K.L.:
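Following this message is one structure expressed as structure tokens.
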Amino acid sequence: MTMEKVFDHTKVEKAIYEAWERSGAFAPQVLDFRREKRGKQKPYTILMPPPNANASLHAGHGMYTIDDILIRWKRMQGYAAQWIPGRDHAGFETQFVYEKHLAKEGKSRLDFDRQTLYNNIAKFVEDNSGLIFEQFRRLGFSADWSRSVFTLDPYVLTQVFTTFKKMESEGLVYRGDYLVQYCPHCGTSLAELEILHEEREDKLYYIKYKIKGTDEYVTVATVRPETMFGDSAVAVHPTDKRYRKLVGKELELPLTTRAIPIIADEMVDTEFGTGAVKITPAHDANDFAAGQRHNLPIINVVNQLGRMVLPNDAAPREIDGMKVKAAREKTVEELQKIGAIEKIDEHYNHSVTVCYKCKRDMEPMTVPNWYIKVETLKPPVVTAIKKKQTKFYPAKFEKQILDWMAIMHDWPISRQVAWGIRIPAWYAVGKSANQPASLSANQRIHVTFLDKNKKPVSGQVGELLQTYPLEEIEKGLQTLTAPIDAKYVVSEMKPGEGYLQETDTFDTWFSSGQWPLVTLHDDEYATRYPTDTMATMVDILKIWVSRMMMFGLYVRGEVPFRNVYLWPAVVDGKGQKMSKSKGNVVNPIELVDKYGADALRMALLFGNGEGGKVPLSEDKVRAMRNFGNKIWNMSRFFLLMQEKSEIQDLRFMIQENKLKNEDKEMLKQLNDVIKKMTTLLEKFRFSEAADTIYEFVWHAVADVYIEHVKSREDKGVALSVLQHVLFTSLKLLHPFMPFVTEAIWKEINPEGGMLIVAEWPIVK
RNA sequence: GGCCGCUUAGCUCAGCUGGUAGAGCGUCCGGUUUACAUCCGGCAGGUCGGGGGUUCAAGUCCCUCAGCGGCCACCA
């Protein structure tokens, strides 16, 4: 009898974890089941959603417990259960963090050439890497660490290139001067899912545009008067009687020498404003679409730094180069001078787009970007979901993803950040490039680079090459912006001399979206693809899960996973979102230090249902720690009784004719619990399963049956029943609370062996 | 504006296919003779958001109102 009075997690967790790892249980050999060495072992595969490589553990990561429960449960059921981990380079996210770091040193990304910036970030990530997997180990996660994948591993780069090449050769890749949401502060365009909308009160300006050749006006309303320099038209509704006669006439654009047409388009809401809308195709998504319909010119008046670029026909030259907000005030001032402001609505409520990362205003603008056509990629996903080839838990998310697929637009996959997988496209610009085609468009490629004296230089490459050798440009290259008609070749390696590579990188989700295609080995597709379950946080359903399905079906013709389980946000004990500013951030490792990994894991599940938020409070963690201690002491009681009874082996004493009613009732309840636990896990109802085993162990076994055993005359029979119930309970609880159950198993199991590989109970 | 969800004990939340209201934490009272005070027993506390309907029976189904939340769209 060696068990301490109180279970002390700090004394056992490390040793138990190391024993698990040594046992090889985390890394079942693929060949084992293929050669049927271990009987009829079937594969069960979960791919770990890769955390950001430079991240450290936050409370949300605790939910990976769900993956671990599944893996441990399936392992016990005899599957070759493998949980494949990995880390994401998280391009834009990571560069953002790094740039904040730079800012503290008074530097910015613009101080470095692209390659140096990349190397510095790589170093930064390397220095901050590895911590999170150590923390995952603390939580008891039984992933196969030996085959961890990083999204910048050479193998991943090759796979991502292969997919891109396939898409490009099948016409799914295009470059477009399409309207993107651009964050001037972060220096990159973002996809529609990365943009936030923010309600705001702004001024709505009513501006008079004079009808050419008359003294009459058409008034348009706008919150962005400074973009008027890029107006290409004014639109009215085709049925609007007020304006019908004016369609086709021209308006004099104030503060310029230009005239713009009045066009009719159904996009106009006759109820709003004046019923006449200024159309600025370069800086508004709706206007861009209208511009396409009416073949209007695109006039960019805001550049990627968020500064005005005034066309030559515009009069107030001092506005040129101003930042957008200053330009707005100046423009209004100028308009007022000429009496073109009809009125200003001071309290206009509308929503603006802001960067999800830095929260600053986005600038819609037309910038050359790389796009993926999704029309042909979407239908297989929709079909597969409708055929239930992939099922969603909770079920409501099936509708959410289908809704998303229905409205998903072409995907801009290029980001103007250095930290990422550089788009494998090469532009021939030098004299030695073996490109017979006309290079005139390529000569217009705009580059920014640091020359040999580290001075920034920018301009069109054709002109710059008169002064600088290509090698100098390439070495100091910061950014390259190619016109959409530029010629390029797709190649993983530099295709020859005289080429400059695209400086844009792939959207992180372009690579992580191929997670199921970069984590499995070639010989595993036959057995482990589709993988079994993808369990991840709900907020990346659309941005990640849908993309994985798209790529999986496109490249392999089959869904990447059979089940998707989505967990909600972890919030504080009061149901409030955790945030640094509120000061309510819970550090999971502190809780693990204090109460043990089992307690934290169980606290994330117990009493939470499926679908809602997951409140995490220290009170609950403590309660779960107490539960671990409870079962520890139940086992301790059992051992004491067994010692007293002097029976060496109780296992063969369960005989039907000796059992009392209490024993039969206990065994019946046990069987019910086995069935219920198995069913609940099959249905992905983890919380209810946790509640079930808790309730059974504490209130049925400890409170009732153990109290009953104390008064039994025939201790042998009762103890044999208790032993069976305890052993079985430990197995049922193990996926949830692996450490304490394993520790107890070591103390009381006469046969030896580890609980992690014990058989999941079945009702005989 | 569209879709989805939520509103149950002081707090945070469970209650799956309708059949006499639950857990954890907290409060109060009482318990240390040999598994556990990280324990045990017990009390208190809810007209299950309001209203209407279906049913022998509704927290559980339907309608409606109110409040809250999430996602999405639009907003010149």
Side-chain angles (χ1 to χ4, degrees), chain A residues 1 3-8 192-193 197 199 202 204-207 220-225 227-228 231 234-235 267-269 271-280 284-287 290 348-352 394-404 406-408 538-539 541-542 568-569 571-577 595-596 599 602-603 605-641 644 676 679-680 683 685 687-688 690-692 694-695 698-699 702-703 706-707 709-710:
Chain A
M1 182 64 198
M3 292 176 84
E4 306 263 340
K5 205 168 175 180
V6 168
F7 174 65
D8 184 353
E192 54 191 325
L193 287 168
H197 296 264
E199 291 296 320
D202 272 317
L204 182 63
Y205 303 90
Y206 288 76
I207 308 173
V220 298
T222 180
V223 288
R224 300 203 54 186
T227 64
M228 61 169 287
D231 286 2
V234 164
M267 72 176 269
V268 180
D269 177 0
E271 303 291 311
F272 189 90
T274 60
V277 192
K278 70 197 258 318
I279 301 294
T280 320
D284 180 275
N286 279 324
D287 293 5
Y348 173 62
N349 287 306
H350 67 144
S351 79
V352 294
K396 64 177 174 181
F397 293 116
E398 179 184 307
K399 182 170 164 46
Q400 251 188 51
I401 194 168
L402 284 174
D403 285 353
W404 164 245
I407 59 164
M408 179 180 178
V538 66
D539 44 332
L541 171 68
K542 289 189 274 284
V571 294
D572 76 3
K574 289 176 180 155
Q576 300 296 307
K577 192 175 174 180
Y595 300 106
M602 195 68 176
L605 297 167
F606 186 79
N608 284 331
E610 317 296 336
K613 295 175 195 167
V614 176
L616 178 61
S617 66
E618 184 161 345
D619 278 346
K620 195 165 201 184
V621 179
R622 192 190 310 118
M624 295 303 122
R625 187 273 314 265
N626 293 353
F627 175 56
N629 186 59
K630 184 71 185 180
I631 192 165
W632 172 265
N633 270 287
M634 288 163 69
S635 309
R636 192 161 158 258
F637 169 80
F638 164 77
L639 280 185
L640 281 174
M641 289 294 122
K644 271 191 190 169
K676 195 172 174 190
T679 307
L680 287 172
K683 291 182 175 173
R685 286 163 62 170
S687 177
E688 214 174 326
D691 293 359
T692 299
Y694 178 98
E695 182 68 21
W698 201 315
H699 301 301
D703 289 355
I706 284 185
E707 290 308 310
V709 169
K710 287 179 181 172

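Below, chains carry the letters A, B, ... as their sequence lines are ordered, and counting in each starts from 1. Worth saying up front: this structure is predicted, and the values here are computed from it rather than measured.
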K.L.:
Determine the interatomic distance between C1' on B:rG24 and the same-named atom on B:rU17; round to the nearest Å.
P.N.:
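Straight-line distance between the two C1' atoms is 27 Å.
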K.L.:
Distance check, P atoms only: B:rC48 and B:rA9, in whole angstrom units.
P.N.:
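So the two P atoms sit 10 Å from each other.
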K.L.:
Can you check the distance between B:rU20 and B:rU33, where both ends of the measurement are the P atom (answer in whole Å)?
P.N.:
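These two P atoms come out 39 Å apart once rounded.
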K.L.:
Answer with base, sugar-phosphate or nothing: what part of the nucleic acid does A:Tyr205 contact at a heavy-atom distance below 4.0 Å?
P.N.:
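A:Tyr205: no heavy atom of the nucleic acid under 4.0 Å.
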K.L.:
What is the nucleic acid contact for A:Val223, judged by heavy atoms within less than 4.0 Å: base, sugar-phosphate only, or nothing?
P.N.:
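If one applies the 4.0 Å heavy-atom cut-off, A:Val223 turns out to touch the sugar-phosphate alone, with no base involved.
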K.L.:
Is the terminal nitrogen or CZ of A:Lys630 (NZ for Lys, CZ for Arg) located under 6.0 angstrom from the six-membered ring centre of A:Tyr694 and within 45° of that ring's axis?
P.N.:
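No, a cation-pi geometry is absent between A:Lys630 and A:Tyr694.
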K.L.:
What's A:Ile407 touching, base or sugar-phosphate or nothing? Going by heavy atoms closer than 4.0 Å.
P.N.:
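Answer is sugar-phosphate: A:Ile407 comes under 4.0 Å of backbone atoms only.
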K.L.:
Side chain of A:Lys399 only, please: which of B:rA76, B:rC3, B:rA14 is the nearest?
P.N.:
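It is B:rC3.
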K.L.:
Checking all strands, does A:Ala603 fall into the base, sugar-phosphate, or nothing category for heavy-atom contacts under 4.0 angstrom?
P.N.:
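No contact.
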K.L.:
Would you state whether a donor and an acceptor, one from the side chain of A:Arg625 and one from the base of B:rU38, lie under 3.5 Å apart?
P.N.:
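Flag set: donor-acceptor pair detected.
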K.L.:
Name the closest nucleotide to the A:Gln400 side chain, picking from B:rC71, B:rU38, B:rA76.
P.N.:
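Among B:rC71, B:rU38, B:rA76, the one nearest the side chain of A:Gln400 is B:rC71.
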K.L.:
Pick the C1' atom in B:rG46 and in B:rC4, then give their distance to the nearest Å.
P.N.:
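B:rG46 and B:rC4 have their C1' atoms separated by 28 Å.
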K.L.:
Sort me out a list of protein N/O and nucleotides 21-23 of chain B N/O pairs below 3.5 Å, or just none if empty.
P.N.:
none

K.L.:
Provide the distance between the two C1' atoms, one in B:rG1 and one in B:rG10, to the nearest whole Å.
P.N.:
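Those two atoms are separated by 39 Å.
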K.L.:
Which atoms of nucleotides 29-36 of chain B (N or O only) lie under 3.5 Å from a protein N or O atom, and what are those distances?
P.N.:
residue	atom	partner	partner atom	Å
B:rA35	O3'	A:Arg636	NH1	3.2
B:rA35	O2'	A:Asn633	OD1	2.3
B:rA35	O2'	A:Arg636	NH1	2.6
B:rA35	N7	A:Lys710	NZ	3.3
B:rA35	N6	A:Glu707	OE2	2.8
B:rA35	N3	A:Asn633	O	3.2
B:rC36	O4'	A:Asn633	OD1	2.9
B:rC36	O4'	A:Asn633	ND2	3.3
B:rC36	O2'	A:Asn629	ND2	3.1
B:rC36	O2	A:Lys630	NZ	3.0
B:rC36	N3	A:Lys630	NZ	2.9

K.L.:
Which whole number of Å gives the distance between the P atom of B:rG42 and that of B:rG5?
P.N.:
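The answer is 40 Å between these two P atoms.
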K.L.:
Answer with base, sugar-phosphate or nothing: what part of the nucleic acid does A:Lys574 contact at a heavy-atom distance below 4.0 Å?
P.N.:
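It contacts sugar-phosphate atoms only.
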K.L.:
Where the side chain of A:Asp619 is concerned, which of B:rC71, B:rC25, B:rA76 is the nearest nucleotide?
P.N.:
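The nucleotide sitting nearest to the side chain is B:rC25.
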K.L.:
For B:rU47 versus B:rU55, give the span between their P atoms, rounded off to a whole number of Å.
P.N.:
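28 Å, rounded to whole Å.
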